[in-house]
Visitor: 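Pasting a structure here, questions to come.
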Amino acid sequence: GCRRWQGQPCLEVAVWDDYTDTQYVYRLNFKGEIIGSFVVNLPGSGLDYISSVVFDGSYYWVTEPDADESKVYKLNNSGAVLASFIVNRTGRANGICKQGDFLWLSLDDFHGNFYGACKARPNGSIAASFSNRRFTQFTYDCTFDGKYLWLVTYNKMVYCCDVSNAPAVAPASVGRIKALYR
């Protein structure tokens with residue numbers, strides 16, 4: 001996510017170092033320079049890597065797309081795990097972004113039966129979810145722009161989805177595709 005750190009606008013990027021099996025969250029300025037970082041240590045994680053990160057103003061939230069139990073972790077500014085929850089859906093949570101007090105997670109189920117997203121509370125309970133048969137590959141990452149949820153699929157398709165009517169109980173229109181970019 002984009003935010004200010006020590007007075008500078010910056011981005012947070014999750015990186016897994018394949019050679020050392022170490023996970024980092026880097027803070028980058030818009031020139032691509034590293035202005036801060038911390039190591040992430042997930043307890044007993046399955047795949048031992050994080051795929052996405054978002055900062056909510058106080059904490060970092062990261063996804064671990066494990067094959068058996070996909071998890072979301074809440075981290076402090078040093079990378080220590082404060083809380084976690086298992087995603088209440090078969091498959092994995094790949095991407096993560098914030099909408100107010102909620103987290104949006106991009107999802108897939110490994111079998112091609114579900115590609116979509118879910119809206120989760122910080123305790124892990126699901127407030128809304130959707131899939132769309134137009135998603136032809138798993139939803140790799142996501143971002144929320146204040147009005148729409150943007151999903152990027154593995155085959156490099158970008159979907160703009162309407163989630164404006166996604167209260168605690170989701171109506172049928174949640175996830176309606178507004179635009180598609182190839």
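Here the structure is a predicted model, which means the values were calculated and not measured.
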Visitor: Are any of the side-chain heavy atoms of Leu151 and Cys161 separated by less than 4.5 Å?
Guide: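 In short, these two side chains touch, coming nearer than 4.5 Å.
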Visitor: Would the distance check show the side chain of Lys31 and the main-chain N or O of Glu33 forming a donor-acceptor pair, the cut-off being under 3.5 Å?
Guide: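 No: the side chain of Lys31 does not pair with the backbone of Glu33.
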Visitor: Please give me the minimum heavy-atom distance between Ile126 and Ala128, naming the atom from each residue.
Guide: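 Between these two residues, the closest heavy atoms are CG2-O, 3.4 Å.
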Visitor: Identify the heavy atoms of Ala120 and Phe85 that sit nearest to each other, and give their distance.
Guide: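 Closest approach of Ala120 to Phe85: CB-CZ, 4.3 Å.
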Visitor: Could you tell me whether a side-chain N or O of Ser51 sits under 3.5 Å from a main-chain N or O of Glu64, the two making a donor and an acceptor?
Guide: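 Pair absent, no side-chain N/O of Ser51 close to backbone of Glu64.
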Visitor: Are Tyr60 and Lys74 side-chain neighbours, meaning at least one heavy-atom pair lies under 4.5 Å?
Guide: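 Tyr60 does not reach Lys74 side chain to side chain.
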Visitor: With side chain to side chain contact (heavy atoms under 4.5 Å, CB included) as the criterion, how do Asn94 and Thr63 come out once you've worked through the C-alpha distance, each side chain's angles and the decisive distance to 0.1 Å?
Guide: CA-CA 6 Å; Asn94 298 300; Thr63 55; 5.7 Å; no
Visitor: Could you walk me through whether Leu105 and Val72 satisfy the side chain to side chain contact (heavy atoms under 4.5 Å, CB included) test, starting with their C-alpha distance in whole Å, then the side-chain angles of each, then the deciding distance to 0.1 Å, before giving a yes or no?
Guide: CA-CA 9 Å; Leu105 306 170; Val72 173; 3.9 Å; yes
Visitor: Knowing that exactly one of Leu149, Ile96, Thr143 qualifies, which makes a side chain to side chain contact (heavy atoms under 4.5 Å, CB included) with Trp104?
Guide: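 Exactly one option meets the side chain to side chain contact (heavy atoms under 4.5 Å, CB included) with Trp104, and it is Leu149.
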Visitor: Walk me through whether Thr153 and Tyr159 qualify under side chain to side chain contact (heavy atoms under 4.5 Å, CB included).
Guide: CA-CA 8 Å; Thr153 61; Tyr159 294 89; 3.5 Å; yes
Visitor: State which residues pass side-chain hydrogen bond (donor to acceptor under 3.5 Å, both in side chains) with Asp145; sequence neighbours excluded, sorted by chain then number.
Guide: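 Asp145 satisfies side-chain hydrogen bond (donor to acceptor under 3.5 Å, both in side chains) with Trp150 only.
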Visitor: Could I get the full list of side chain to side chain contact (heavy atoms under 4.5 Å, CB included) partners for Val152, not counting sequence neighbours?
Guide: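 So Val152 forms a side chain to side chain contact (heavy atoms under 4.5 Å, CB included) with Val158.
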Visitor: As a quick check of understanding, evaluate side chain to side chain donor-acceptor pair (under 3.5 Å) for Ser52 and Asp141, giving each step before the final call.
Guide: CA-CA 7 Å; Ser52 189; Asp141 211 349; 3.1 Å; yes
Visitor: What residues form a side chain to side chain contact (heavy atoms under 4.5 Å, CB included) with Val81, not counting sequence neighbours?
Guide: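 Partners of Val81 under the side chain to side chain contact (heavy atoms under 4.5 Å, CB included) test: Leu42, Pro43, Tyr73, Leu75.
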Visitor: For Phe130 and Val163, work out which heavy atoms get closest and say how close.
Guide: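 Distance-wise, the nearest heavy atoms are CE2-CG1, 3.9 Å.
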Visitor: Cys142 and Gly95: which non-hydrogen atoms are nearest, and at how many Å?
Guide: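 Closest heavy-atom pair between Cys142 and Gly95: SG-C, 3.7 Å.
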Visitor: Answer yes or no: is there a donor N or O on one side and an acceptor on the other, between the side chain of Ser37 and the main chain of Val25, under 3.5 Å?
Guide: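 No: the side chain of Ser37 does not pair with the backbone of Val25.
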Visitor: With a sphere of 6.0 Å drawn around CZ of Phe38, does it hold more than 12 non-hydrogen atoms of other residues, nucleotides or ligands?
Guide: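 Counting other residues, nucleotides and ligands, CZ of Phe38 exceeds 12 neighbours.
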Visitor: For Asn76, check side chain to side chain contact (heavy atoms under 4.5 Å, CB included) against everything at least two apart and list the hits.
Guide: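 Per chain and number, Asn76 pairs via side chain to side chain contact (heavy atoms under 4.5 Å, CB included) with Ser78, Ala80, Leu82.
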Visitor: Would you compute the distance between atom NZ of Lys119 and atom OG of Ser125 and round it to the nearest 0.5 angstrom?
Guide: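 It is 11.5 Å, given to the nearest 0.5 Å.
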Visitor: Before you tell me yes or no, could you show the steps for Lys98 and Leu103 under side chain to side chain contact (heavy atoms under 4.5 Å, CB included), namely the whole-Å CA-CA distance, both residues' side-chain angles and the distance that decides it to 0.1 Å?
Guide: CA-CA 5 Å; Lys98 286 285 291 177; Leu103 300 164; 3.2 Å; yes
Visitor: Check whether any side-chain heavy atom of Val54 lies under 4.5 Å from a side-chain heavy atom of Phe144, and answer yes or no.
Guide: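 They are not in contact (no side-chain heavy atoms under 4.5 Å apart), so the answer is no.
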Visitor: Main chain of Ala93, side chain of Ser70: is a donor-acceptor contact present, judged purely on distance under 3.5 Å?
Guide: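 Indeed, once roles are kept as given, a pair shorter than 3.5 Å links the two residues.
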